[in-house]
Amino acid sequence: MIKIAIFASGGGSNLQALIDAQDVGLFKGKIALIFSNVPESGAMEKGENERIESVAIASKGYPGSREEYDAEVLRLCESKKIDLVCLAGYMRILTPVLIKPYLYKMMNIHPGLLPMFGGEGMYGHHVHEAVITAKENESGATVHFVTEGVDAGPIILQGNVKVQSNDTPETLAERVLKVEHQIYPEAVRLFCEGKIKVVDGRVRILN
Ligand code: GAR
């Protein structure tokens, strides 16, 4: 059984979608840990309500470096024997301390169609604002593996939505989130079934 950790900083709707998918048996994995850098986040509350081990380490005011913080998080994941880390609205750039040991075992969900509208500063509503400003006809969501470049790792799954002429960042975000809630559990299912291989830096999905 694949042991999964979910990292979230905010409301945690993707976290909830992953919990729901687990509950209906979509993937052969167990969410063994919920982690947040924001102790008062909705994600922590959801984890506690679901009786899943939930740990927060406040990043705000943390006395050490980013690397020391990530080393602490790594020790936590290793102590729980976590096989897969899912970033679900985890609003913190990771250091190699955490990325390297979990290379191709750590996924992220991004609210846009990477490689467009990604990189530092492109997260949450900033992505939707940029998509609307650029007058794109399409947006969507991307699940990708986390590598050292921000939003630059191999793409696992994407889902599209049409951008409407009267969309605001909020209305677009709402429709993109629905897609996120479909493709993230599906990516986890593929991982748990051993169907995702990375060959020459690209994802290949096995039948
Ligand atoms: C989601 O839209 C997710 O794609 C985005 O934050 C939101 C979290 O919502 N993540 C990023 O922008 C990361 N670059 P949630 O807390 O309801 O899952």
Side-chain angles (χ1 to χ4, degrees), residues 4-23 26 31 33-50 52 54-56 59 66 70 73 84-95 98-99 102 106-134 136 138-161 163 167-188:
I4 302 165
I6 301 176
F7 289 14
S9 304
S13 73
N14 277 288
L15 162 66
Q16 190 65 53
L18 290 168
I19 293 172
D20 293 346
Q22 167 183 262
D23 290 350
L26 183 86
I31 301 170
L33 175 69
I34 295 172
F35 175 76
S36 185
N37 63 317
V38 182
E40 62 278 6
S41 61
M44 279 293 99
E45 204 180 307
K46 283 198 171 76
E48 280 154 18
N49 290 345
E50 299 280 345
I52 299 170
S54 303
V55 179
S59 52
R66 271 182 182 272
D70 280 358
V73 181
L84 171 67
V85 175
C86 293
L87 306 184
Y90 186 65
M91 298 302 184
R92 207 171 142 76
I93 292 177
L94 301 178
T95 67
L98 197 48
I99 294 171
Y102 277 100
M106 184 187 283
M107 297 177 178
N108 179 45
I109 182 107
H110 181 81
L113 291 174
L114 292 174
M116 292 198 312
F117 302 105
E120 233 163 298
M122 271 296 174
Y123 58 87
H125 66 99
H126 298 289
V127 177
H128 306 302
E129 278 163 17
V131 166
I132 289 171
T133 304
E136 293 289 333
E138 270 205 328
S139 189
T142 305
V143 182
H144 64 95
F145 281 123
V146 176
T147 57
E148 287 181 39
V150 179
D151 298 329
I155 290 171
I156 302 167
L157 287 179
Q158 290 187 305
N160 299 39
V161 302
V163 181
D167 259 330
T168 62
E170 291 73 27
T171 58
L172 182 56
E174 209 173 297
R175 292 205 310 288
V176 169
L177 261 183
K178 287 200 180 121
V179 172
E180 295 184 33
H181 299 162
Q182 288 165 2
I183 64 173
Y184 215 174
E186 176 61 10
V188 171

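Atom set for the values below is all heavy atoms of this structure, side chains included, hydrogens, waters and symmetry mates excluded. We count ligands from 1, going down the list as the structure has it; atoms in each ligand are counted the same way.
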Nearest 0.5 Å please: distance from the OG atom of Ser139 over to the CG atom of Leu172. 5.0 Å
With hydrogens left out, which residues have an atom under 4.0 Å from ligand 1, given that only heavy atoms count?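 Within 4.0 Å of ligand 1, protein side: Gly11, Gly12, Ser13, Asn14, Gly89, Met91, Ile109, His110, Pro111, Tyr123, Gly124, Leu177, Glu180.
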Write down the atom of [X], the atom of [Y], and the distance for their closest heavy-atom approach.
X      : Y      : value
Ser36  : Ser41  : OG-OG, 3.2 Å
Leu157 : Glu186 : CD1-CG, 3.6 Å
Tyr123 : Met91  : CD1-SD, 4.0 Å

More than 12 non-hydrogen atoms from neighbouring residues, nucleotides or ligands closer than 6.0 Å to CD on Glu174, yes or no? no
Sequence neighbours left out, what passes side chain to side chain contact (heavy atoms under 4.5 Å, CB included) with Glu50? Give chain and number order.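 Per chain and number, Glu50 pairs via side chain to side chain contact (heavy atoms under 4.5 Å, CB included) with Gln16, Ile19, Asp23, Ile52.
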